[in-house]
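One structure is given here, and the rest of the page talks about it.
Indexing begins at 1, ligand by ligand and atom by atom, following the structure's order. By convention here, the first residue in the shown sequence is residue 1.
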Amino acid sequence: MELGERPFRADQLSRHYFGRLEDDIDQMTDVPAEARQRLAGGLLPPLLTVVRNVDCDDGATRKTLWRGADGTLVESVLMRYPGRVTMCVSSQAGCGMACPFCATGQGGLTRNLSTAEIVEQVVAGARSLARGEIAGGPGRVSNVVFMGMGEPLANYNRVLAAVRRLVDPVPDGLGLSQRSVTVSTVGLVPAIRRLTGEGLAVTLAVSLHAPDDELRDTLVPVNTRWKVAEVLDAAWEYADVTGRRVSIEYAMIRDVNDHPWRADMLARLLRGRLVHVNLIPLNPTPGSKWDASTPQAQSEFVRRLVERGVATTVRDTRGKEIAGACGQLAAVDAGPGEA
Ligand code: SAH
C-alpha cells in the first residue's frame, strides 16, 4: 500500500476505528510506535471536529455541531430511549430540496458529505456511548436515521457506501442490523429504484407530507418532477423486493395538510400496503408562517388512518429545546469563525 505498510496494518486500524471506537492513536499499541503517526495520519485523518455538544432531555439527547476541514458546518443528534439509541445523521451540508417548512431547506446546498464524514458522525456517537458520556451508562448505537441535514438520495454513492460501513461487521464496519438503518427521502424516484436493487434491507422512509399533488408541489418542490403516485409506486416496489415496511413521514402542519379529508385520501393511497405512517408534529422554523396542528386535528387524523387499517404513530419531538428536532438542523447559530 501507498504508506509502505503491509495490508494487515489497515485491518488493525479498522479494528481500532470500528471495533474499539479508538480515536487516540497512542492507544493503538499493536502498531509499532514509530509507525502510528504516519499510519493513523494517513488512514484516519481528522475529518470532522466537534464545535460543540449540547445535551438535553436530562442528558439522553445530544446534538453535536461539527466543522469539516473546509469550515462546513453540519449537525448530528443522538437520542437515547429505553432499549435503543438512535443516531440522526446528516448526509449533506445544507440541502437543495427547498422544502419551505424545513430549516435546512432554506439555505440551499453547500456540498455533499463524504462517506467518511457520514460514518464519523455515527462512530463518534458510539464512542460517547461506550465511554459513558450519555446519561444511562455505557451503551451502543442501535439505529441510524438519515434524517439530519441533506437529501441522502441526492448524495447516493457516498450515502450507500456509508450504509455499508454501518452494517458490515467489524473490522469492515460497525455491524448494525440493516433494518435498523433508515434512509429518508423526499422521493427521488430513480434513486429509490436504484436502492431497491442494492440487496440491502434498510428501512426506506418517504417524506410525503401531502396525499395530493397540488399541495405536495408546494411542500416538497421535487414533487413537480415525481408525483405522489410515482413516488408511492417506487416505494411499494421497494417493499415488495426487500420485504421491509416503508415508513411514510407526514409533518402535521395546522390548516395546511391536516384536514380530515386529507387523512381519508392518504388512507386510500396506503391501505393494504406494507407501510407505516409516522406523523411528525411540525417544528416551526424561525420566521415560518406555519404552526403545528392542534392536538384535536392530530388525533382526528390518526383516528381516520387507524380506522382504515393504516398503522400510524406520532413521532416524539426530542431535542426541541436545543433546536435538534426534525427540520431544525440548520447550523445557522455558528459562523465558521466561531469556536
Ligand atoms: N431529505 C430527507 C431527510 C430530511 S429530515 C427527507 O426529506 O426525507 C427528516 C424528516 O423531517 C423529513 O420527513 C422532513 O420533511 C422532516 N422535517 C423537515 N423539517 C421539519 C419541520 N420543521 N418539522 C417537522 N418535520 C420536518
Side-chain angles (χ1 to χ4, degrees), residues 63 74-77 79 86-110 112-113 118 121 143-156 158-159 162-163 181-189 191-192 195 202-210 215-216 218-223 225-226 231-232 234-235 238 246-254 256-258 266 276-293 298 301 313-320 323-332:
K63 180 174 80 161
V74 292
E75 293 180 314
S76 61
V77 186
M79 292 160 283
T86 299
M87 281 294 308
C88 176
V89 298
S90 295
S91 56
Q92 299 181 309
C95 185
M97 298 299 123
C99 302
F101 56 89
C102 173
T104 311
Q106 307 319 297
L109 176 66
T110 303
N112 285 324
L113 297 189
I118 296 167
Q121 298 169 56
N143 298 69
V144 173
V145 296
F146 284 84
M147 295 188 183
M149 302 168 79
E151 165 53 40
L153 295 188
N155 185 15
Y156 189 92
R158 296 172 190 89
V159 164
V163 168
V181 175
T182 299
V183 174
S184 181
T185 179
V186 288
L188 305 183
V189 168
I192 294 175
L195 185 65
V202 297
T203 301
L204 175 71
V206 174
S207 298
L208 201 65
H209 304 314
L215 178 58
R216 193 168 191 268
T218 68
L219 295 180
V220 185
V222 78
N223 194 71
R225 179 78 192 278
W226 294 288
V231 173
L232 290 179
Y238 186 83
V246 171
S247 180
I248 299 292
E249 312 288 295
Y250 200 103
M252 294 293 287
I253 315 176
R254 182 189 286 184
V256 172
N257 66 352
D258 63 355
L266 182 63
H276 171 263
V277 175
N278 211 247
L279 298 179
I280 319 171
L282 182 81
N283 290 308
T285 56
S288 153
K289 55 182 176 183
W290 287 317
D291 214 339
S293 297
Q298 185 174 292
F301 206 89
T313 48
V314 178
R315 163 119 27 110
D316 77 343
T317 49
R318 273 290 180 100
K320 214 172 173 178
C326 324
Q328 294 188 337
L329 300 183
V332 286

(message) Under 4.0 Å, heavy-atom basis, I'd like to know which part of V220 is in contact with ligand 1: side chain, backbone, both or neither.
(response) neither
(request) Tell me which part of E249 gets within contact of ligand 1: side chain, backbone, both or neither, using heavy atoms under 4.0 Å. (result) side chain
(request) Examine ligand 1 and decide if any of its atoms is less than 4.0 Å from a heavy atom belonging to H209. (result) yes
(message) Against ligand 1, does G150 come closer than 4.0 Å with any heavy atom?
(response) yes
(request) Please list, chain by chain and in numerical order, all residues satisfying ring pair (Phe, Tyr, Trp, His ring centres under 6.0 Å) with F301, sequence neighbours excluded. (result) Y250
(message) By the definition side chain to side chain contact (heavy atoms under 4.5 Å, CB included), identify the one residue from T182, V159, V202 that meets it with F146.
(response) V159
(request) With C88 as reference, evaluate V77, V144, N143 under the side chain to side chain contact (heavy atoms under 4.5 Å, CB included) test and give the passing residue. (result) V77
[X] side, atom [atom1]; [Y] side, atom [atom2] - distance, nearest 0.5 Å:
X	Y	atom1	atom2	result
L109	T104	CG	OG1	11.0 Å
T185	L195	OG1	CG	9.0 Å
S76	M149	OG	CE	11.0 Å

Number the atoms of ligand 1 from 1 as they appear, then name those within less than 4.0 Å of a heavy atom of [X], with their elements.
X	result
V186	6 (C), 7 (O), 8 (O)
L282	21 (C), 22 (N), 23 (N), 24 (C)
N283	21 (C), 22 (N), 23 (N), 24 (C)
C102	18 (C), 19 (N)
S207	6 (C), 7 (O), 8 (O), 12 (C), 13 (O), 15 (O)
I280	24 (C), 25 (N)
M147	5 (S), 9 (C)

(message) Run the side chain to side chain donor-acceptor pair (under 3.5 Å) test against T203 and tell me which residues pass, sequence neighbours left out.
(response) R244
(message) Under a 3.5 Å cutoff, is there a donor and acceptor pairing between the side chains of Q106 and T285?
(response) no
(message) Less than 3.5 Å apart, any donor N or O on the side chain of Q92 or N155 sitting next to an acceptor on the other?
(response) no
(message) Looking only at distances, can you tell me whether any N or O atom of T285, backbone or side chain, sits closer than 3.5 Å to an N or O atom of ligand 1?
(response) no
(message) Tell me whether F101 has any N or O atom under 3.5 angstrom from an N or O of ligand 1.
(response) yes
